[in-house]
Amino acid sequence: MFQAHTGGGFTNPAMAQRSRDDAFIGELLADLNEEQQKAVTHGEGPLLVLAGAGSGKTRVITRRIAWLLTQGVPAEQLLAITFTNKAAQEMRQRVDRLVPGHRVWIGTFHSFGVRLLRQYGERLGLSSTFTIYDADDRQAFLKATLDAVGWDNCRFRPDQIGAAISKAKNQLRSPEEYARSATDFFSQAVAQVYPLYDRRLRQMQAVDFDDLLYLPALLLREHPDVRTLLDNRYRYILIDEYQDTNVAQYEIIRHLSQDYRNLCVVGDPDQSIYRWRGSDIRNILDFERDFPDARVIHLPRNYRSTRAIITAANHLIAHNRQRKKKELRTDNEWGEPVRVWTFRDGLEEADQVVRRIKATVEAGRFRYRDHAIFVRINALTRVLESAFVRHGVPFQIVKGFAFYERKENKDVLAYLRLVLNPADDIAFERIVNVPTRGIGDATVERLREFAATLGCSLLAAAGQVGQCTTIKGAAARALSSFYRLLAELRSYLHLPPHEIIDLVLQRSGYEDMLKSSNDPDDQERLANVQELVTAARQYHEMNPQGGLAGFLEQVALASEVDGWDHEADRVSVMTLHASKGLEFPVVYMLAVEEGLLPHERSLHDPAELEEERRLCFVGMTRAMRELHLCHAQLREYRGKILYAIPSGFLDELPRDQVEWHDLSGDQSRTPTASSGEHTSTMVGAAPVETSDKNLARTHGSSSTPPPGLSASAPASTQSNSSVSSNGSDDLAVGAIIQHQHFGIGQVVAVSGYGTLKRMKVRFASHGEKTLLVAEAPFRIITRRPR
DNA sequence: CCTTCGGTCGTTTTT
DNA sequence: CGACCGAAGG
């Protein structure tokens, strides 16, 4: 069935038939540029779309789906994969607007994996009611596994082992293969746990997140009949965010694109930010090698942002070395300058940003929902939260405390999981004594042993506790009654999910426990579990066929951004990672500081540092009209106050085309402070009412950059932020170093020569130290040519 | 068996 | 600072 790629047009006569509606196709393409049109109307064969930030990537995919449908491709033959459920949902709606009632499957890799496993899992020995363990369950499960072999409390931390297993699965390495290449101590330990971990997981009819990709990939590799069937079924495949696919995902795609090679991948290497999760940028860089006949379409034109923003982003990303040189272009006006703000501390930063947003909204320039605040790590959202409350500004934190991750909800969900899958020992252990039933650790331990001798699940063992010699009296009665409780709950399985939850709350005593508590937090918990009932009801209304299993699946696969309400008139707060794929008129990035962005843990590896730069790039390119990059001089972190150093990335912006504002009230020691009077508030410095010289010459809404500067061509020659070795002569004041013991610091003074050369360094966490340059164990992170 | 207290631990990013 | 774990007391 192999069809040679003919470079466009359909070989299938049925598809080549005159389209139903020429006018409609005209409409589909009308507002697209030439490149976008080519991508949308590409016929058969592999297609790589290199879409820069804001180049209308989603629009291309959506239109292409609609176009394929109008060309007569049956909806069942289409498969569209997005990065989050949220993105999938939006895409579904957008396609629906073009082709109402379409039945194209659009989802994430993980949900696609679940779908395959539900259908073909038994080939791999998996029952169709398998449970999906989230990060927490997995951690608990891993600990239990280590316990079982007496490996608790030793050598390696469970999460490190877990990370190694996760990585192995993402790279499609089986336990056997892993063991073969395990040379060092750590990987040998992992090699012992990994097979056990998998075996126990299967015993519980459970899978972890990585299995949702790993197992389908195995399925397709080892079962040619299934592979052929699915390849034949999904003849047109579209993948969004291709730069963030990992080996397992790649394998899945490849297996589905052999007989029918109509694979369209869309992505941007500069926005690859999930390397740490196993994504492999080579997937997109090597696409043309894997599919030599692939058509490649570039979409460099940005429609989202002002030229000021694009110019800044281009300059930054040009500092990455492992990169094909390319540049975003835009015809948009120059707009407001990109602004860099210096604050005294994180509190001030949060306060001022919120105030400025409020003032902007009150001045009628933007709505709250037009604003987003991005942070590198979730911990930074806390200060913001109180600032928002203080100023009465509506906001939503994407993830904040994810609803389904709250203890109370996880407890209730554990009941549901156990009802559905009696083999789920992790769920059993979680709730067997919640609310307290007099079943303590000792009893559970004995039950575990008992279950092991019977070779059954904990719940099944609880049902036969009468035959257990080690558990007697009250504990045995409690276990029996718990078993009966679950048997009863199981009899409700035919009911819609929200009714089951309601019954769980009543019959388990969970609701009573919260109601009768005098802990004030428990009232909130009560409200949360009741909210869970509502969520389930909503699910049921949307998916009447889904049932409890469907609801649990949706919960397990819910992503961070999925809870984000883009309609609400609120300021959005999220991590840079969560911001991918979104856009906002006004963007604030906070804590653009050494150690945070780039994150401290990326400094040892140039490749990771480049990923941090891409992360910064992603954040910047979310902004449509205004971009504000903030940093503080002092940052409270982990209960300690640290000196914060402005991120080296700020130095990589086009210096003369960015406005610098120092609101720290301290001019003495900010090497980065440059222009402007020191207005005491951010609001006062808003462009409309400022008296600042630079602002006056700012070309507010003109379409030209500041005089004497070109808006293009960032100097891509030197990179002053690559990690260099110690011992060189060019250590200057302002340089940022990383010391083996003291961490990150900035050089404030240099004296002496040769072996006696000393430097005074202000460390983030250890104050100022004077060190011998020749002796000290450190390396230079950034040289500052100031 | 349950609660509470104190110490320790370690803290990126997430489907 | 906060989450989590272990030991001691109720």
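Since the model is a prediction, treat every value here as computed from it, not as a measurement.
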Partner set under side-chain contact (heavy atoms from CB on, under 4.5 Å) for A/E600, not counting sequence neighbours = A/Q738, A/I744

All side-chain hydrogen bond (donor to acceptor under 3.5 Å, both in side chains) counterparts of A/T108, not counting sequence neighbours = A/S111

Can you give one letter per nucleotide of nucleotides 5-14 of chain B, going 5' to 3': B for a protein heavy atom under 4.0 Å from the base, S for sugar-phosphate only, - for none?
-> ------BBBB

What is the distance from CZ of A/R138 to C1' of B/dT15, rounded to the nearest Å?
-> 12 Å

For DNA chain C, the dot-bracket pattern of Watson-Crick and G-U pairs whose distances stay under 3.5 Å, | for other-strand partners = .|||||||||

Mind checking side-chain contact (heavy atoms from CB on, under 4.5 Å) for A/R277 and listing every partner two or more places apart, or none if nothing turns up?
-> A/F83, A/Y274

Interface polar pairs with nucleotides 1-4 of chain B, N/O, under 3.5 angstrom:
{"from": "B/dC1", "atom 1": "OP1", "to": "A/T443", "atom 2": "OG1", "distance (Å)": "2.3"}
{"from": "B/dC2", "atom 1": "OP1", "to": "A/N433", "atom 2": "OD1", "distance (Å)": "3.3"}
{"from": "B/dC2", "atom 1": "OP1", "to": "A/N433", "atom 2": "ND2", "distance (Å)": "3.0"}
{"from": "B/dC2", "atom 1": "OP1", "to": "A/G438", "atom 2": "N", "distance (Å)": "3.0"}
{"from": "B/dC2", "atom 1": "OP1", "to": "A/I439", "atom 2": "N", "distance (Å)": "3.4"}
{"from": "B/dC2", "atom 1": "OP2", "to": "A/N433", "atom 2": "ND2", "distance (Å)": "3.4"}

Is A/K143 near enough to C/dC5 that one of its side-chain N or O atoms lies under 4.0 angstrom from OP1 or OP2?
-> yes

Hits for side-chain contact (heavy atoms from CB on, under 4.5 Å) against A/N421, two or more places apart or cross-chain, chain-then-number order -> A/T131, A/Q205, A/A423, A/D424

Excluding sequence neighbours, so at least two apart, what forms side-chain hydrogen bond (donor to acceptor under 3.5 Å, both in side chains) with A/D425?
-> none

What class does the angle between the rings of A/H110 and A/F209 fall in, given that below 30° is parallel, 30 to 60° is tilted and above 60° is perpendicular?
-> perpendicular

Set of residues satisfying ring pair (Phe, Tyr, Trp, His ring centres under 6.0 Å) with respect to A/F450, sequence neighbours excluded | none

side-chain contact (heavy atoms from CB on, under 4.5 Å) involving A/R601 - partner list, sequence neighbours excluded | A/H599

With sequence neighbours excluded, give me every salt bridge (Lys or Arg N to Asp or Glu O under 4.0 Å) pair touching residues 432-446 of chain A.
-> A/E445-A/R448

Salt bridge (Lys or Arg N to Asp or Glu O under 4.0 Å) partners for A/D137, two or more places apart = A/K410, A/R417

With rounding to whole Å, what would you report as the distance between C/dC5 and B/dT12 at their C1' atoms?
-> 24 Å

